[in-house]
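Below is one structure, written out as structure tokens, with a few remarks after it.
Counting convention: from 1, in listed order, for ligands and their atoms alike. Fair warning: this is a prediction, and the values are worked out from it, not measured in the lab.
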Amino acid sequence: MTGYSSKTDVATANGKQNGSGNQTGENGTKPTEFTPQGNHASENNIQCSLTSDEFRAVNLMRQDMYPYEVIQEIADFIVKGSGIRPKIGIICGSGLGSLADIIQNPKVFDYEKIPNFPVSTVEGHAGRLVVGTLEGANVMAMQGRFHFYEGYPLAKCSMPVRVMKLCGVEYLFATNAAGGINPKYAVGDIMLMHDHVNMLGFAGNSPLQGPNDPRFGPRFPALVNSYNKDLINKAIEISKTMGIESSVHVGVYSCLGGPTYETIAELKALRMMGVDAVGMSTVHEVITARHCDMKVFAFSLITNKCATEYSDKKDDEASHDEVMAVAKNRQKTCCELVSRLVAEIQKTA
Ligand SMILES: O=P(O)(O)O[C@H]1O[C@H](CO)[C@@H](O)[C@H]1O
């Protein structure tokens, strides 16, 4: 593979509480009657009963406003607790948690113990933040990311990227497991992301929705050149020295909301749009990282081939077990790619 250029195709605590309805303090067991506001609701007499504890839990999950100060508090907690100011932030994809296991002198924070942090709910996402060193560089890794389908708003899913920024992170490495739509991709291949199609954005959903805080970035950030070309080229060179260049591609990722895997018609449509691999993550993290001017490197591990023609083959059905198994098989290669790229960054620092 030759060098990459975009012309070639080689390759709260005090946050706003959402939701409407009766939130007055109940005794925790008595159901609180919740009536959605508005004519439509009352016309149709829609009602649902939640205990006040359930209501609080749902509200906390739906919280999507994290004021700068709250994010700063979380960042301070991590920097003080670890004694490290990380330069590189890594997000481990499904089954790729071992990317955090190679960090030396790790200081581990369970998400539950970090103030105002969401918790991981998906198998293959341990729910820990690991801070330490890798190839001499200070790094922090999320062993477990947050997905839209877990019930979290996108701003909450990518809030940890802002935490990384305020910890001092300059480079985001986002990894994911994805289905290969490009017929040339095989299971176990790696696709270096050079662009994305934001399907959730097409539907009017963005992690940057709501008031913009200019301390993070501009109201209308540009997303061309989101994926750092130098880092893509370095990764291609590294793949050659690792002897895996024939299974490394450069391509376009698309994020859908999940948790369902795609229909054949959807996969056909994505392919027509120029998408090479599909998943349910990463794009909101990249948007948040670019908004606050971080350099982004991202790759997909192709864990399954997506069928784009109708057939009765059971093999065509994606499954999370398959995703996890392939990720486990390829974790060593992914770890080596990441460590070597970190070493490159560290060399030129
Ligand atoms: O994108 P990551 O977190 O790697 O996980 C991918 O794997 C899961 C589906 O198997 C989905 O969450 C999809 O997004």
Side-chain angles (χ1 to χ4, degrees), residues 89-101 111 118-130 141-154 156-161 164 172-181 185 187-193 196-201 205 207 227 251-263 266-267 270 275-289 296-307 315-331 333-335 337-338:
I90 301 167
I91 302 179
C92 306
S94 281
L96 292 173
S98 55
L99 292 170
D101 293 335
Y111 289 169
V119 291
S120 285
T121 68
V122 185
E123 195 205 335
H125 292 264
R128 302 166 357 138
L129 199 62
V130 183
M142 287 178 69
Q143 220 171 25
R145 65 147 53 87
F146 306 109
H147 306 84
F148 192 58
Y149 62 76
E150 292 176 76
Y152 297 126
L154 287 180
K156 187 165 200 156
C157 293
S158 58
M159 178 274 282
V161 173
M164 287 180 175
L172 177 70
F173 282 28
T175 70
N176 61 61
I181 306 184
Y185 292 5
V187 169
D189 284 0
I190 288 172
M191 184 191 82
L192 309 174
M193 288 168 62
H196 68 235
V197 175
N198 181 8
M199 293 304 287
L200 295 177
N205 216 329
Y227 299 87
V252 176
Y253 174 89
S254 183
C255 167
L256 272 63
T260 51
Y261 293 104
E262 301 69 36
T263 64
E266 286 162 352
L267 291 163
L270 289 169
V275 171
D276 298 296
V278 61
M280 308 169 195
S281 70
T282 308
V283 167
H284 46 274
E285 298 154 354
V286 171
I287 291 171
T288 304
V296 171
F297 171 73
F299 72 79
S300 301
L301 173 67
I302 305 301
T303 51
N304 53 290
K305 265 178 97 68
C306 295
D315 278 3
D316 285 349
E317 290 184 5
S319 84
H320 195 55
D321 287 345
E322 182 191 7
V323 168
M324 297 286 291
V326 173
K328 192 163 174 241
N329 267 335
R330 298 294 286 164
Q331 57 188 346
T333 305
C334 295
C335 285
L337 177 65
V338 165

So which heavy atom on H284 is nearest to which on S281, and how close? CE1-CA, 3.7 Å
Examine distances only and state if a side-chain atom of E150 and a backbone atom of T121 form a donor-acceptor pair shorter than 3.5 Å. yes
Taking all non-hydrogen atoms of both residues into account, name the closest pair between M280 and H147 and its distance. O-CD2, 3.5 Å
Side-chain touch Y261/N304, heavy atoms, less than 4.5 angstrom: no
Aromatic contact between Y111 and F146, with the criterion being ring centroids under 6.0 Å apart: yes or no? yes
Please output the residues near ligand 1 using a strict heavy-atom distance under 4.0 Å, listed in chain and residue-number order. G93, S94, H125, R145, H147, Y149, N176, A177, Y261, M280, S281, H320, V323
Are M142 and M164 close enough that some pair of their side-chain heavy atoms sits under 4.5 Å apart? yes
